[in-house]
Student: 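Pasting a structure here, questions to come.
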Protein chains: 2
Amino acid sequence: MSPTSKVDELSSIKSAAPVDRSNQSDVAYGALRRLILDGALPAGAQMLEQEAAARLNMSRTPVREAMVRLRQEGMVEIRPRHGMRVLPVSARDMADIYDVLTALEGIAAETVARKGIAARPLAALRAAVADMGKALDAGDLVRWAEADERFHSQLVQLSGNTRLIQMVGQLWDQAHRARMLTLQLRPTPTNSVIEHAALVDAIASGDPLEARRIHEDHRRRAGKMLVELLERLGLTQL
Amino acid sequence: MSPTSKVDELSSIKSAAPVDRSNQSDVAYGALRRLILDGALPAGAQMLEQEAAARLNMSRTPVREAMVRLRQEGMVEIRPRHGMRVLPVSARDMADIYDVLTALEGIAAETVARKGIAARPLAALRAAVADMGKALDAGDLVRWAEADERFHSQLVQLSGNTRLIQMVGQLWDQAHRARMLTLQLRPTPTNSVIEHAALVDAIASGDPLEARRIHEDHRRRAGKMLVELLERLGLTQL
DNA sequence: AACTGCATCTACGTATACATTGTAAGGAAA
DNA sequence: TTTCCTTACAATGTATACGTAGATGCAGTT
């Protein structure tokens, strides 16, 4: 297991829905997606249908379907004679992604604050914030990232808006590699605990506009920091 | 041609990208999507793989791929023995969709205002607004809808944010049938010209926050009106 | 008449076959 | 050596084959 596996487990909402009726198509989709998120297939890596089929011990048909899905989610492109190719994520892409994420998670926060939040999910949010603090104290960035993702994931889920949930998940997946990469390079997210706590307070007190404002500011800052970091490091591709 | 075909042509950004390398898969995707958007396959309608294949004169394989794509876009569901089924859109769905659209188009407007807009696209936006006015004067709601869609489409395109463009397009597709249905039932959109003109002014004068505020208010109002209309009419499904 | 059990049939999931076409290697010419 | 052309190969797009699971319809029982 790679050191990032714990974070990866929570990196997408989809992974919360286990595959009951397992068909090969879903298996292929899950496996390929995981290879990409874990970095086993880095940006630019190519994989032929037959390669994947052989590796996963199935025929090309379900593999093709999985690739179609991954393409539609913006994870790979499909080039006629080169199989699928993992799309690199440029600094520009990250800027675009964070712009959209800012807006989407903003209304998620607003919606949750407006609908009101029950005791149990509120406690879960507070627990995630607490974990972030503990992880920072211990200097464990991976655990911090895990708690951070858990917080954001829960928040979006609480909105109850299916489309919102799906789209945010998709964007997270696309940004995942870059976030993991910069985890060790970025300045320590000292403020994150305070910011998240403030957001929770706004939600708990039923202040939709404030919740949205806080979360948007938060995401905007995080995005800006990340993009500048990538540009500074010349990491235009990953 | 159905009376709504003109509007449909502009209903999605994707249709702007013509199919050069025509493979059967794309043909199937386009054909099925069009059947759904045009209402030839209404909500709840089912279509077996073999039916579609026979109808489109191809084998099941490309049809399956098209169905996978449509499912991922939230247009249909796939049930093991019943083929694909066109997903109904409830009032609740429309509320969700418009919540997300509000946020997405809001940042689109903000982005365009921030980046600045060239003379030509600015003129195109103004032309769309003018067309809306003319259509209203003529009492031609279909033409109004066409101009309205063109305006919003151009605006989102101008943001240059690929993800944003793709996601907005997807949501439009999902909302398309409901919008067409209510076109004749809703109150005449008298204010739309004024509102859009104000948005264009904010963009032209480079005021991102004002542009965003105007557009969000606009979309929020439109969404609210639509949802209330659907609920009042008891149209919980379409 | 309603319900249950069984048989049949069909739609699908997956595998495989086949023709097409892009690619790359290898050779020839400059 | 470099560049262009030819040719062989291999990956893909699409069609088709095949086994399975679930749905449908019928018969028999209550």
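Chain letters run A, B, ... following the sequence lines, proteins first and then strands; every chain starts at 1.
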Student: Tell whether Arg81(B) reaches the base of dA23(D) with its side chain through a donor-acceptor pair below 3.5 angstrom.
Tutor: no

Student: Do the side chains of Arg69(A) and Arg69(B) get nearer than 4.5 Å, heavy atoms only?
Tutor: no

Student: Do Glu216(A) and Arg212(B) meet the salt-bridge criterion of a basic N to acidic O distance under 4.0 Å?
Tutor: yes

Student: Could you state the CD-C1' distance from Gln46(B) to dA23(D), rounded to the nearest angstrom?
Tutor: 13 Å

Student: Verify the ring-centre separation between His215(B) and His196(B): is it less than 6.0 angstrom?
Tutor: no

Student: Under the ring-ring contact (aromatic ring centres under 6.0 Å, His included) rule, collect the residues that match up with Tyr98(B), sequence neighbours excluded.
Tutor: none

Student: Using whole Å, report how far CG of Asn23(A) lies from C1' of dT20(D).
Tutor: 14 Å

Student: dC18(C) C1' sits how many Å from Gln24(B) CD, rounded?
Tutor: 16 Å

Student: Does His82(B) place a side-chain N or O at less than 4.0 Å from the phosphate oxygens OP1/OP2 of dA11(C)?
Tutor: no

Student: Compare every heavy atom of Trp172(B) with every heavy atom of Leu101(B), then report the nearest pair and how far apart it is.
Tutor: CD1-CD1, 3.8 Å

Student: Nearest whole angstrom, please: distance from the P of dT10(C) to the CZ of Arg79(B).
Tutor: 19 Å

Student: Under 3.5 Å, which donor-acceptor pairs link side chains of residues 39-50 of chain A to any protein atom two or more places apart or in another chain?
Tutor:
{"residue": "Gln46(A)", "atom": "OE1", "partner": "Arg79(A)", "partner atom": "NH2", "Å": "2.6"}
{"residue": "Glu49(A)", "atom": "OE1", "partner": "Arg60(A)", "partner atom": "NE", "Å": "3.0"}
{"residue": "Glu49(A)", "atom": "OE1", "partner": "Arg60(A)", "partner atom": "NH2", "Å": "3.2"}
{"residue": "Glu49(A)", "atom": "OE2", "partner": "Arg64(A)", "partner atom": "NH1", "Å": "2.8"}

Student: Below 4.0 angstrom, which residues in residues 47-66 of chain B have at least one non-hydrogen atom near DNA chain C?
Tutor: Leu48(B), Glu49(B), Gln50(B), Arg60(B), Arg64(B)

